[in-house]
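Not measured: the values here are computed from a predicted model. Heavy-atom basis, side chains included; hydrogens, waters and symmetry copies ignored.
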Amino acid sequence: MKIAIVIMLLFSLFFGIWNQSADKIGTAILNESTHAVELVLSLTGALCLWSGLMRIAQDSGLTEKISRLLQPVISFLFRGIQKGSEAVRLIAMNMTANLLGLGNASTPLGISAMRELAKEAPKGVASDHMIFLTVLNTASIQLIPTTAAMLRLRHGAESPFDILPAVLIVSLVSCVSALFTARLAAKTTIRWKRRQRL
């Protein structure tokens, strides 16, 4: 990934110089660096708010109730996982953060859940549960696209949440498609391993 980013940067610089646009590249680098810092600062407040609410929910026991509410879904997606385990609680919190559109807040929860799942997996091998969590975290359903709405508000949108129906439909379709593909790939891998043993 790092190599790909470096290659893209080098290609951009090369073609910029080739097209005699080096001055524009320098100006864009300076301007966008400033805009990046401003964007981070503008998003920090809202992310801190929602992350704090997630922490309060955890300490108040609300996440335990959410975990029980999401238990049928988690049990269906993560078959064989022990009910009431720490991994289930973390997965439930990760799913909740994603439903609220808090991608940045859900990342640490996803990492913690992955660590718990890794304890039950063979060393150096990603289990089906770990793969499903990665897919679920990447292509998650968003009921409230908080981060996207904050970005739209930052760039002058009058109704930042008017994308809500489109986001819900697209995220639902992408999540179902990704999980179906992951499940199909898992079954295909199991059949292939059985044939290899025979």
Side-chain angles (χ1 to χ4, degrees), residues 1 4 43 47 50-51 53-55 57-58 62-152 160-197:
M1 185 65 181
L43 294 176
L47 289 174
W50 286 101
S51 297
L53 289 175
M54 288 295 292
R55 183 66 182 180
Q58 181 180 358
L62 180 60
T63 54
E64 297 296 331
K65 295 179 181 179
I66 294 174
S67 177
R68 288 192 217 106
L69 186 65
L70 295 174
Q71 184 69 54
V73 178
I74 295 174
S75 298
F76 175 74
L77 295 176
F78 300 88
R79 295 173 186 172
I81 194 170
Q82 186 178 357
K83 294 183 178 180
S85 64
E86 181 68 8
V88 171
R89 187 182 70 82
L90 290 168
I91 292 170
M93 291 178 65
N94 175 262
M95 290 175 67
T96 304
N98 279 321
L99 286 172
L100 295 174
L102 300 170
N104 292 333
S106 69
T107 300
L109 296 170
I111 292 173
S112 299
M114 192 68 74
R115 286 175 179 165
E116 288 296 320
L117 294 174
K119 294 178 181 178
E120 303 175 3
K123 191 174 181 181
V125 178
S127 65
D128 287 344
H129 290 160
M130 295 170 71
I131 294 171
F132 290 145
L133 177 59
T134 303
V135 171
L136 188 64
N137 188 60
T138 305
S140 60
I141 300 172
Q142 291 191 12
L143 297 177
I144 307 174
T146 307
T147 303
M150 286 188 295
L151 288 170
R152 296 188 77 235
F161 280 102
D162 62 1
I163 60 171
L164 190 57
V167 169
L168 182 58
I169 293 170
V170 170
S171 62
L172 180 62
V173 171
S174 66
C175 184
V176 171
S177 301
L179 289 173
F180 174 77
T181 304
R183 183 71 69 184
L184 183 63
K187 289 183 178 180
T188 304
T189 304
I190 291 172
R191 290 173 183 171
W192 181 78
K193 286 181 179 179
R194 285 176 181 172
R195 289 177 182 176
Q196 289 293 104
R197 290 172 185 171

Rounded to the nearest 0.5 Å, what's the gap from CG on Asn94 to CZ on Arg89? Could you check?
12.0 Å

Rounded distance (nearest 0.5 Å) linking atom CD1 of Ile169 with atom CG of Leu164:
10.0 Å

Mind checking side chain to side chain contact (heavy atoms under 4.5 Å, CB included) for Ala87 and listing every partner two or more places apart, or none if nothing turns up?
Ile81, Ser85, Glu116, Leu117

Check: Met95 and Val73 side chains under 4.5 Å, non-hydrogen atoms:
yes

Can you name the side chain to side chain contact (heavy atoms under 4.5 Å, CB included) partners of Leu168, sequence neighbours left out?
Ile141, Leu143

Applying side chain to side chain contact (heavy atoms under 4.5 Å, CB included), can you list everything that pairs with Thr181, at least two apart in sequence or on another chain?
none

Can you list the residues that meet the side chain to side chain contact (heavy atoms under 4.5 Å, CB included) rule with Ala118, with sequence neighbours excluded?
Met130

Only pairs at least two apart or in different chains count here, so list each salt bridge (Lys or Arg N to Asp or Glu O under 4.0 Å) that has a residue in residues 160-173.
Arg152-Asp162

Compare every heavy atom of Gly110 with every heavy atom of Leu133, then report the nearest pair and how far apart it is.
CD2-O, 3.9 Å

Is there a side-chain contact between Leu90 and Met114, using heavy atoms and a 4.5 Å cut-off?
no

To the nearest 0.5 Å, atom CG of Asn137 lies from atom SG of Cys175 at 10.5 Å

Side-chain heavy atoms of Val88 within contact of Phe78, under 4.5 Å
no

Which distance, rounded to the nearest 0.5 Å, do you find between the CG of Leu172 and the OG of Ser174?
8.0 Å

